[in-house]
Protein chains: 2
Amino acid sequence: MATGRTHRPATRSRGIPEATVARLPLYLRALTALSERSVPTVSSEELAAAAGVNSAKLRKDFSYLGSYGTRGVGYDVEYLVYQISRELGLTQDWPVVIVGIGNLGAALAGYGGFASRGFRVAALIDADPAMTGRPVAGIPVQHSDDLERIIEQDGVSIGVIATPAGVAQQVCDRLVAAGVTSILNFAPTVLSVPDGVDVRKVDLSIELQILAFHEQRKAGEDTGADGDAEHTPAVVPPAPRGPAGTGGRKGPDGDVPAVMPA
Amino acid sequence: MATGRTHRPATRSRGIPEATVARLPLYLRALTALSERSVPTVSSEELAAAAGVNSAKLRKDFSYLGSYGTRGVGYDVEYLVYQISRELGLTQDWPVVIVGIGNLGAALAGYGGFASRGFRVAALIDADPAMTGRPVAGIPVQHSDDLERIIEQDGVSIGVIATPAGVAQQVCDRLVAAGVTSILNFAPTVLSVPDGVDVRKVDLSIELQILAFHEQRKAGEDTGADGDAEHTPAVVPPAPRGPAGTGGRKGPDGDVPAVMPA
DNA sequence: ATTTGTGAACCCGTTCACAGCG
DNA sequence: CGCTGTGAACGGGTTCACAAAT
C-alpha cells in the first residue's frame, strides 16, 4: 500500500465524474423537451434553469463530454441530445426484468418512462404461481423458476428488484449468477453483490425520514435566522408546521444535550 | 434543494452533515433488526457491515450526534435506536398525503414501510372524480378539490406527488400554498419551490439511465479499481466472483460500440 | 458582445491513523 | 488489550472568475 504519497494525476482521464453522470439524465430530459418544441439552441443559462442546476455546473459537466457548444451562441439542442444519449448508452436497447410483481412491481411495469427511452421490459417475474401467465401492463408474468433462462435468453443485464425485503438478497444472487450486472433495488435492504455489479437503491422510507429530519428542524429553530434576503418568494412563505398529535419536544435551544447512556 | 447560497454558518454542533443524515435511516434499519433479535450491543464494525458502509464513516457519523458509544465495548442498540429516531424526528407522528392515485400512488399507499415508522397516510388525493370514495389500501380516495382543506385540517407538512409529470408543478404549488414544506416527488419533473421547502425526488428513469451508463462502460473497459492501465483495450469481463458466474456475456445483443477516446 | 470552457479556490465528505478511554 | 472518538490528510465536487472563441 502506498502511503498516500503517490498522486494519481489521471492524465487524459476518460472517466466522467459520478456526480456528472447522475445529472446527464436531467439535462437529457430538458433537452428533449426543447427538441420537441423545435428549439434549435440553448444557452447554458437557459438549460441549467430547465434542469434545475446552475449554469457553471452544467458547463463543467459538458466539458467532461467534450466541447459541444459554440461560444457566443450556446449549445445545439439536437446534437447535444444525441451526444448525451450516446454517452448514457441510450442509443442501445436495454432489456430489463422486473422481479416481484406486487403493487410496486406492477406500477413499475406500467410506468411510461420505462419504455420510453432505451429501456424495454423484457419480462415480469414473480414467485407466486397464481400470478404466472397473468398479464400485467400487457406483459404476462412468468414464474421465478424460469429466471435464469429468461435472463440468458434475452441477454438481460439490468434487473429491477421489487420483492419483499426478505427475499431480495436471494433474488439478487440469482440475478447476478445468471449474468445481470446492474440492479435497481426497491426493496428496503442492503444488497451485497460481487465486485463489478452496480446496485442503485430507491427507498421510500429513507427519503421520508430524511424529509422528516429537515421538517423537524424547521419546526424547532427558524423564524428569521437566515439573514439572506435575496429571494423574493412568488408564493406564500412557508410557515413551519408541527406534527400532528403529540406536542413532542419543542425544539433545540441551540445546544446539544450531553445525555449519557443509562 | 431550494437553498443554494448562503446557508447557516453551522452555528453550533447542531449542524449534522447532509450526507450523515442520509445514512441515519440506514443505521436505524440495521439497529432495529438487531433490536428485534435482542442483541444488546454492536461494534461499529458489525453495524457498519449491516448497514453497508465502512466503520470509520459510521463512527464519524455518530460523533456528530454525540458520544453514544462505550469504548472497548461498542454501542447500546436500544439507546442508539432511540437517539437516531429522535434525531430523525420519528418519535413524532407525521401525517402524509399522497397525491395522484394511479398505479404508483396506489402502490405507495399500500407500502408497508410507510406506516411502519412514524409516518401515517393521512389522505389519498386524486383529480379523477371516478376515484373519489374508492378505497385504496383501505383508505378512501378524496378529490383534489379538497386538497387545501385536508392539508390544513390534518396539519400535513409532508406531501408525496405521484401524479403525471404534466400536473406535478401545479399540485406542488397547491401543496406548498396550503402549508406543505416537504415534498417527495415521483413525477419526472423538476419542481420549483420557494425557499424553505424541501424537495426530494425519486426518479426511476434517471436511475436506470445511470445504470445504463455504467453498464455500457463495463462492456468496454475495466472497472478501474487501482492502477493506471491506460492502454488496455482488452475487454475485461467482470466475472462475478462467487456462485456460477457465467463469464462475461453482457450487452443486449451483439457488440457494444467502443467509446471513442480523444 | 455574448457565451463557452476551464484553471484555481473553495467546500464538503471520506479515509486514515492514532490518541483516549473503557 | 479492544473499540470508540477525532484531528489531519486526502479527494471529489462546486463555485468563482476570467481568458478564449465566435
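Residue numbers begin at 1 in each chain, while the letters A, B, ... track the order of the sequences. Only heavy atoms go into these numbers, but all of them, side chains included; no hydrogens, no water, no symmetry mates. For clarity, every value in this text was computed on a predicted model and none was experimentally measured.
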| Which nucleotides of nucleotides 11-16 of chain C have their base under 4.0 Å from a protein heavy atom (B), which only their sugar-phosphate (S), and which neither (-), written as one string 5' to 3'? | --SSB-

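- Cation-pi geometry between B:R217 and B:F213 is satisfied (NZ or CZ under 6.0 Å from the ring centre, within 45° of the ring normal).
- Atom CG of B:D76 and atom P of D:dC3 are 16 Å apart (whole Å).
- Mapping A:G72 and A:S63 onto DNA chain C via the closest heavy atom, the residue that lands nearer the 5' end is A:G72.
- Applying the salt bridge (Lys or Arg N to Asp or Glu O under 4.0 Å) test to residues at least two apart or on different chains, the pairs with a partner in residues 50-69 of chain B are B:R23-B:D61.
- Residue side chain B:R71 reaches the base of D:dT4 through a donor-acceptor N/O pair under 3.5 Å, judged by distance alone.
- Distance CZ/A:R200 to NE2/B:H214: 6.5 Å, rounded to 0.5 Å.
- Nucleic acid contact for A:F62: none, since no nucleic acid atom lies under 4.0 Å from a heavy atom of the residue.
- You'll find the ring centres of B:Y68 and B:Y75 outside the 6.0 Å limit.
- Across the protein-nucleic acid pair, B:Y27 atom OH and D:dT4 atom C1' stand 14 Å apart, rounded to whole Å.
- Ranking D:dT6, C:dG5, C:dG22 by closeness to the B:S67 side chain, first place goes to D:dT6.
- Atoms CG and NZ, on B:N185 and B:K201 in that order, are 9.0 Å from each other to the nearest 0.5 Å.
- Contact annotation: B:S44 side-chain N/O to D:dT4 OP1/OP2 distance is under 4.0 Å.
- Note that CD1 of A:I210 and CG of B:L24 are 9.0 Å apart. Values are rounded to the nearest 0.5 Å.
- Between B:Y75 and the phosphate of C:dG22, there is no side-chain N or O to OP1/OP2 separation shorter than 4.0 Å.
- Between the CD atom of A:E46 and the P atom of C:dT2 there is a distance of 14 Å, given to the nearest Å.
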